[in-house]
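Keep in mind that the numbers below use all heavy atoms, side chains included, and drop hydrogens, waters and symmetry copies.
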Amino acid sequence: MNFNANYSMDRRRRFYRPVVKILKSSGLEKPEVLIGNKEYQTVIHHLPERAIVSPGGKVMLDFGSSFHGGIRINTVGKGSCFRIKFGESVSEAAGNSNQDCSRKDALVELPVSGMLEYGNTVFRFVEITNEGDTAVSLLNIIGVALECDLDVTGSFESSDARLNEIWKTAVRTVHLCMQDYIYDGAKRDRIVWMGDMHPEVKGILCAFSDTSIIRDSFEFLINQASADKPMNNIYTYSCWFIISVWDYFLVSGDKTFLARHADYFELMLKTFSSFIDENGSECIPERRFLDWPNNDNLEAKHAGIQALLYWMMQAGEQILNALGRDSAFLRYAQQKLKKHIPDPSGRKAPAALLHLTGFANAENILEDKPFNDVSTFYGYYVLQAKKTVPALDLIRRYWGAMLDFGATTFWEDFDLDWTRNANRIDEYPIPGKDDIHADFGKYCYIGLRHSLSHGWSCGPAPFLSERVLGVRFIAPGKVAVTPDIGDLEYVRGTVPVPQGVISVEADKNGFKCDLPQGWELVK
């Protein structure tokens, strides 16, 4: 007998994480009781030492790295009212964070001699204030992580420790967004945004053997919109859907999923193949979205969408071929699109897409002020469009700078100019210096609304696995391995597939690789 047999099961598990450090406290006796304490159960006999929080007392806790979930407060004796403030940065936990999408600031009533859990967001820091008129005895405050319990079976190790750390941080970032489904950000927006998902899909495929969350997220989106209507009410996000489905199928070989939605794919592709005028120019209806930095630049946006629609037609042709369906209309659509080559207006994001789809060589745009006009979202496509050595330099400088400022996950957006006079996210704001979280950000991510654990920023992980390790999927069961180690002395790593892992070791003298049974190496 199973009492819960009729109910849905959460794909995630719970983990208890102790406090690593207390950054600041006032009105708190014996704060050392809270540090490193792994006990999560309240007791009422043979009481251990307790931390006492006086009325008005306050403490800032650091859990060492970002995670998804909340906290459990264990009390003994009288309860009180605590104000709990979560933050991805110290500034956010100490300030007035935006409450969109997940609560980061709340007043909660504590039980008498009991435990209270609160929180459903991504955070590293928590500020607790006793807002009541009674002192509170704390047995412990412990983090309660709610996350997918998945082994990272992919790996990347090179002669550059900074790149190795960036790969791991990128994978951890997308892992935090693997919740019920694939979220864009687990603090905000906590939504299955299809456009955001493509870098995340690539990041998941390079790191995890269990990729079922990709399929389940696709199924969720399919159930929300008919094939001839835009996913997430954004037509260009349907382009990313077809591209992502093909990337998933290349690795998973999940023909059952493909066949189940064959009619859906075909109708979507026929709808989008009609969005091409007689001159070969895309004419996708509103809402048309490429990325935020180019949202108001109509010429640049058009250039990127022209390439994106072409990419969709290419991926769609492969999907229909795999299903044994007629794809001639998609080949014709690609021919029409190739007649029109728009100008990316000197912008790196659309230039990268034009370069990757063969419309134009955009190297001059990508290497002009190479560390400017880069975003964490389209940074993945910029990396793909660049040669290996300058791409590695961009990873070290751009994503590496977030690590230098205290990041344990990568951010929704970032600009190297923000670092000129800024303090780290694991420090309190410093007078005379910029607050790198609260003082910057644009568009929908201004100030503390800015997500510092955003899945679309994971691009370095799939890039390093695809380009530097050189593992490129040609078809289900077929892979090309062509390492390009750039300025590195050596590289070694693994890429998961359903039958095991593809292992690669390479240095300046050559490489060797091992494939699991059933996989063919394509020369």
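- A salt bridge links Glu88 with Lys187: the closest approach of a Lys/Arg side-chain nitrogen to an acidic carboxylate oxygen falls below 4.0 angstrom.
- Screening Leu452, Ile425, Asn423 for a side-chain contact (heavy atoms from CB on, under 4.5 Å) with Ile436, the sole residue that qualifies is Ile425.
- Ring geometry for Trp418 against Phe440 counts as parallel: the plane angle stays under 30°, on a 0 to 90° scale with 60° as the upper cut.
- A salt bridge does not link Arg424 to Asp404: none of the charged side-chain nitrogens sits closer than 4.0 Å to a carboxylate oxygen.
- A donor-acceptor contact closer than 3.5 angstrom is absent between the side chains of Tyr237 and His198.
- Screening Phe414, Phe410, Phe377 for a ring pair (Phe, Tyr, Trp, His ring centres under 6.0 Å) involving Trp456 leaves a single residue, Phe377.
- Counting heavy-atom neighbours within 6.0 Å of Arg397 CZ, excluding the residue itself, gives a total of 12 or less.
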Please report the C-alpha distance between Trp240 and Trp311 in whole Å, then the side-chain angles of each, then the deciding distance to 0.1 Å, and finally whether the ring-ring contact (aromatic ring centres under 6.0 Å, His included) criterion is met. CA-CA 9 Å; Trp240 286 121; Trp311 192 355; 5.5 Å; yes
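- Judged by distance alone, with hydrogens and angles left aside, the side-chain atoms of Asn232 form a donor-acceptor pair with the main-chain N or O of Val192 at under 3.5 Å.
- The side-chain contact (heavy atoms from CB on, under 4.5 Å) with Glu147 is formed by just one residue from the set Arg11, Met178, His68; it is His68.
- Judged by distance alone, the side chain of Ser137 and the main-chain N or O of Arg50 form no donor-acceptor pair under 3.5 Å.
- Both the sub-6.0 Å distance and the 45° axial angle are satisfied by Lys24 relative to the ring of Tyr428.
- Residues His450 and Glu92 have side chains that never bring a donor and an acceptor to within less than 3.5 angstrom of each other.
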